[in-house]
Asker: 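First the structure, which I've put down as structure tokens, then a few questions once you've had a look.
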Amino acid sequence: NKIIEAPIVIIGSGYGGAVSALRLCEAGKKVVLLEMGLNWEKSRIPFSNLLKPGKSSAWLKKKSIAPFMNIFSLTPFTGTLDRLDFDHINIWVGRGVGGGSLVNGGMAVTPKESYFKEVFPQLDAEKFYHHYFPLVHEELKVNIIDEEFLKDCPYYKFTRVGEEEAHQAGFKTMRVPNVYDFKYMEKEFRNEVPRSALNTEVIYGNNHGKNSLDKTYLKKALETGNLEILDLHRVDDIKLNDDKTYSVNVQQTDTSGALIADKIFHCKKLILAAGTMGTLQLLLRSNAVNGLPLHEGIGKNWGNNGNFMTGRNWVKPLSGGTGAKQSTIPVGGIDNWDDKEHPFFTEIAPLPMGMDVATALYLLINRVDKKGEVTYDTINRSLKLNWDESHTVKMKENAKYFVRKMNKANGGTRSHFLFNNGFGADICYHPLGGCVLGETTNEYGKLKEHENLYVLDGSLIPGTIGVNPFVTITAIAEYCIENLIKGSEFA
Ligand code: FAD
């Protein structure tokens with residue numbers, strides 16, 4: 001196997017990886033970033049939209065893997081969206097240079113300060129709300145839809161109907177910021193530029209309009225000249241050497257997933273930013289196969305961020321439902337977090353199916369009362385997740401309460417069209433935790449039992465943050481890497 005020397009290696013190019021890369025490169029460090037997915041920008045292969053799933057739609061699968069309506073057969077390709085299936089929960093993740101930012105809805109939500117303090121009592125909330133969150137908003141190019149455009153645009157009928165109905169039922173709504181460039185969307189609407197959000201592009205990638213990480217943090221990091229991104233490089237496991245350096249075992253593949261080369265990267269400093277599930281897989285597998293030392297808390301304190309999907313049918317059928325044309329970018333939310341009995345936040349989600357299905361889709365985010373645990377199954381060589389219906393009892397109660405109240409005020413039924421019994425308890429977009437900050441790591445993400453190994457991604461957040469998580473993941477990564485650099489960890 002070829003051994004490649006690299007002083008600093010980062011695994012994964014999502015939020016945590018991109019922030020770490022930029023700040024280290026700015027500090028003059030040479031960084032190698034290993035990403036198992038494709039560099040889509042470099043490949044020049046266009047992303048496909050929801051109505052015609054193609055190459056970008058699924059990670060090495062024979063069939064598309066959208067949460068609903070998968071009738072499309074595919075030739076396996078290293079697509080942007082992957083789904084990890086466990087007994088009681090399916091977890092969707094992004095693959096490619098930019099990680100989850102390629103496939104997500106771009107909702108850039110800052111957590112409620114009171115909940116942030118509850119989840120991270122040890123952090124200086126003042127500093128986060130006055131420095132890290134604003135910094136992250138600027139770097140990620142967060143913006144807000146113009147109310148006039150929203151009011152008239154036929155592609156946002158689903159949001160207007162959703163908000164009207166929520167108000168009718170006595171719920172409070174909120175405008176949700178996004179990284180999609182709304183000025184670009186206005187031009188799309190006027191047919192001045194190619195369409196993306198208005199052409200059902202989102203979970204298989206956006207060809208235009210969305211400020212994913214390849215257009216923000218990673219672009220800036222590359223401009224320093226200090227970053228090398230190696231795509232289609234999948235890390236199998238890592239090994240701690242006697243001199244406290246690391247050997248990273250890598251398989252380079254082609255776009256059909258076939259092996260091109262085995263490589264070993266030898267590094268002094270290693271940052272794991274492979275996303276919650278990716279980082280846990282690397283740590284637990286490396287412990288099983290190479291005896292990598294692990295703190296006992298690794299894998300514990302895992303949660304689905306309270307993700308719980310539900311839907312309603314026959315939403316205003318007489319007035320034309322939620323609209324045949326829908327933008328893929330959500331801009332509305334219902335904020336019921338302060339209700340002591342039923343605290344939840346829900347996104348008023350688009351369902352762009354090319355026809356009016358008179359159905360409303362909601363992704364609820366709840367508290368996580370009972371945490372799960374991730375372990376490694378040495379026989380099947382895969383992750384195991386201790387998570388079942390007992391973990392989502394309260395989430396289901398909240399969803400029932402929400403749908404009942406909406407239906408009572410507005411008419412409609414539970415959506416059996418979307419989900420078996422009207423509820424999608426097994427759909428998770430926000431896996432968090434398992435390497436909790438300050439428990440399995442020091443206060444800045446350096447793993448206990450290690451001197452040169454760091455975790456900087458969603459796994460630092462203990463299973464819940466109350467809103468869509470990437471703004472928080474990015475802010476925590478900024479905080480950690482700033483302090484690690486200041487503390488001469490990378491000197
Ligand atoms: P990720 O962004 O997951 O990045 C990890 C990267 O590491 C990936 O590119 C992966 O390919 C790579 N990797 C993993 N294992 C290996 C390995 N062994 N070797 C090499 N590379 C590896 N959040 C929001 O805040 N707002 C939203 O609107 C929103 N919508 C979403 C919609 C969908 C469909 C999905 C799936 C997620 C959504 N999320 C949203 C969640 C958000 O995208 C994630 O929380 C976020 O991307 C996690 O960031 P991260 O840095 O932890 O890792």
Side-chain angles (χ1 to χ4, degrees), residues 9-20 33-39 59 65-67 78-84 90-111 136 140 142 176-180 202-205 210 212-214 217-218 229-238 248-253 265 271-283 285-286 305 307 328-331 333 347 349 363 365 427-435 455-461 465 467-474 476-477:
V9 170
I10 300 176
I11 305 174
S13 62
Y15 293 90
V19 170
S20 313
L33 196 160
L34 304 172
E35 167 57 54
M36 67 192 274
L38 181 64
N39 188 336
W59 179 258
I65 48 165
T78 50
T80 55
L81 188 66
D82 199 359
R83 192 185 66 202
L84 314 172
N90 299 319
I91 301 174
W92 277 262
V93 296
R95 303 247 177 262
V97 172
S101 79
L102 296 175
V103 302
N104 67 32
M107 292 172 75
V109 197
T110 307
V136 157
L140 292 173
V142 175
V176 179
N178 204 287
V179 299
Y180 197 93
V202 67
I203 56 172
Y204 310 142
K210 197 211 250 180
S212 43
L213 290 166
D214 48 321
Y217 275 96
L218 291 170
I229 300 179
L230 298 172
D231 68 338
L232 299 176
H233 278 59
R234 189 174 63 84
V235 179
D236 223 19
D237 55 70
I238 60 181
V248 180
N249 289 317
V250 176
Q251 301 199 322
Q252 184 182 359
T253 71
F265 287 78
I271 298 178
L272 304 182
T276 297
M277 303 316 289
T279 290
L280 288 173
Q281 157 91 18
L282 285 172
L283 287 171
R285 181 174 151 70
S286 302
N305 198 26
N307 283 189
T328 54
I329 298 300
V331 295
E347 160 187 348
L363 171 58
I365 297 179
I427 295 178
C428 174
Y429 287 173
H430 305 161
L432 296 173
C435 296
V455 168
L456 290 175
D457 61 20
S459 63
L460 294 173
I461 301 177
I465 196 62
V467 291
N468 314 60
F470 75 60
V471 164
T472 311
I473 296 171
T474 313
I476 300 243

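Since this is a predicted model, take the numbers as computed values, not measurements. All ligand and atom numbering here is 1-based and tracks the order in the structure.
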Asker: Any side chain to side chain donor-acceptor pair (under 3.5 Å) involving residues 90-105? Give me the pairs, sequence neighbours left out, ordered by first then second residue.
Answerer: Y15-N104, D82-R95
Asker: List of N/O pairs, ligand 1 versus protein, all under 3.5 Å?
Answerer:
| residue | atom | partner | partner atom | Å |
| --- | --- | --- | --- | --- |
| ligand 1 | 2 (O) | G100 | N | 2.9 |
| ligand 1 | 9 (O) | E35 | OE1 | 2.7 |
| ligand 1 | 9 (O) | E35 | OE2 | 3.1 |
| ligand 1 | 9 (O) | G96 | O | 3.3 |
| ligand 1 | 11 (O) | E35 | OE2 | 2.7 |
| ligand 1 | 11 (O) | R95 | NH1 | 3.4 |
| ligand 1 | 18 (N) | V235 | O | 3.0 |
| ligand 1 | 19 (N) | V235 | N | 3.0 |
| ligand 1 | 21 (N) | M36 | N | 3.1 |
| ligand 1 | 25 (O) | M107 | O | 3.3 |
| ligand 1 | 25 (O) | P469 | N | 3.2 |
| ligand 1 | 25 (O) | F470 | N | 2.8 |
| ligand 1 | 26 (N) | M107 | O | 2.8 |
| ligand 1 | 28 (O) | G105 | N | 3.4 |
| ligand 1 | 28 (O) | G106 | N | 3.3 |
| ligand 1 | 28 (O) | M107 | N | 2.9 |
| ligand 1 | 30 (N) | G105 | N | 3.1 |
| ligand 1 | 43 (O) | N104 | ND2 | 3.1 |
| ligand 1 | 51 (O) | Y15 | N | 3.0 |
| ligand 1 | 51 (O) | G16 | N | 3.0 |
| ligand 1 | 52 (O) | G458 | N | 2.9 |

Asker: Between N305 and N307 (side chain of the first, backbone of the second, donor and acceptor by atom type, cut-off under 3.5 Å), is there such a pair?
Answerer: no
Asker: Once salt bridge (charged side-chain N to carboxylate O under 4.0 Å, His left out) is applied, do any residues pair with R285, and if so which ones, sequence neighbours excluded?
Answerer: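 By the salt bridge (charged side-chain N to carboxylate O under 4.0 Å, His left out) rule, R285 matches D236, D237.
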Asker: If the condition is side chain to side chain donor-acceptor pair (under 3.5 Å), which residues does S286 pass it with, not counting sequence neighbours?
Answerer: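 Checked S286 against side chain to side chain donor-acceptor pair (under 3.5 Å); zero matches.
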Asker: Could you give the distance from CZ (F470) to CG (L140), rounded to the nearest 0.5 Å?
Answerer: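 Nearest 0.5 Å value for the CZ-CG distance: 6.0 Å.
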Asker: Name the residue from L102, D231, I229, L218 that meets the side-chain contact (heavy atoms from CB on, under 4.5 Å) definition with S13.
Answerer: L218
